[in-house]
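The block underneath contains the structure these notes are about, expressed in structure tokens.
Excluded from the calculations below are hydrogen atoms, water molecules and symmetry mates; all remaining heavy atoms, backbone and side chain alike, are included. Nothing here was measured: the structure is a model prediction, and the numbers come from that model.
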Amino acid sequence: HQGFAELAGVEQGFHLAVAGIEAAHEADRDEPAAGCLLVLSGLNERLLTQLRNTGALDHLGAENVFAARPNVGESLQAGLRRAREWQESQ
């Protein structure tokens with residue numbers, strides 16, 4: 001089964017997003033999710049910094065994390081392209 005999850009980090013959801021990412025990171029460390037990919041898009045600089053500082057960015061893979069961009073939907077489209085590329089490689 002091929003999986004894909006999309007999570008958009010927004011300022012209001014910053015703490016919730018970080019808590020969710022940390023929980024996913026812990027769960028994956030205990031039992032890696034085979035056949036799944038987590039792609040994050042729309043992340044603001046504060047959230048990106050938190051991911052870098054905690055080491056979560058290294059675990060997730062920078063190629064799977066997309067910062068917010070000025071044009072609405074641009075980050076989401078980049079994330080979806082990445083997910084499609086990954087699915088095709090499976």
Side-chain angles (χ1 to χ4, degrees):
H1 177 76
Q2 297 174 359
F4 170 71
E6 177 68 28
L7 172 67
V10 293
E11 191 66 28
Q12 295 82 1
F14 175 74
H15 295 291
L16 179 61
V18 171
I21 291 167
E22 289 175 355
H25 179 68
E26 289 296 319
D28 189 50
R29 189 181 351 215
D30 294 339
E31 185 176 328
C36 293
L37 176 70
L38 178 64
V39 176
L40 306 178
S41 70
L43 280 66
N44 61 38
E45 191 56 43
R46 184 174 172 196
L47 184 51
L48 288 169
T49 298
Q50 182 69 23
L51 291 175
R52 281 186 209 100
N53 291 344
T54 62
L57 185 61
D58 292 332
H59 180 74
L60 294 167
E63 69 278 8
N64 300 319
V65 178
F66 298 88
R69 297 183 185 168
N71 295 327
V72 174
E74 191 175 348
S75 178
L76 175 60
Q77 290 303 314
L80 291 171
R81 274 192 304 277
R82 169 64 184 126
R84 285 186 201 106
E85 289 170 1
W86 177 81
Q87 279 186 319
E88 291 170 2
S89 73
Q90 298 302 300

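Closest heavy-atom contact between Ser75 and Ala67: OG-O, 3.1 Å. When all heavy atoms are compared, the tightest approach of Leu37 to Ala83 is CD2-CA, 4.4 Å.
Looking at residues two or more places apart in sequence or on another chain, you find no salt bridge (charged side-chain N to carboxylate O under 4.0 Å, His left out) involving Arg81. Every residue two or more places apart in sequence or in another chain was checked for a side-chain hydrogen bond (donor to acceptor under 3.5 Å, both in side chains) with Asn53, and none qualifies. With sequence neighbours excluded, the residues that form a side-chain hydrogen bond (donor to acceptor under 3.5 Å, both in side chains) with Arg52 are Glu45. Glu85 pairs by the side-chain hydrogen bond (donor to acceptor under 3.5 Å, both in side chains) definition with nothing, not counting sequence neighbours.
The distance from the CZ atom of Phe66 to the CG atom of Leu48 is 11.5 Å, given to the nearest 0.5 Å. With rounding to the nearest 0.5 Å, the separation of CG in Leu57 from CG in Leu47 is 10.0 Å. One distance of note links CG of Leu80 with CD of Gln87; it measures 10.0 Å at 0.5 Å rounding.
The stretch residues 53-74 participates, sequence neighbours left out, in these salt bridge (Lys or Arg N to Asp or Glu O under 4.0 Å) pairs: Arg69-Glu74.
You'll find the side chain of Asn64 stays beyond 4.5 Å of the side chain of Leu40, heavy atoms only. Between Leu43 and Leu51 the shortest side-chain heavy-atom distance falls below 4.5 Å.
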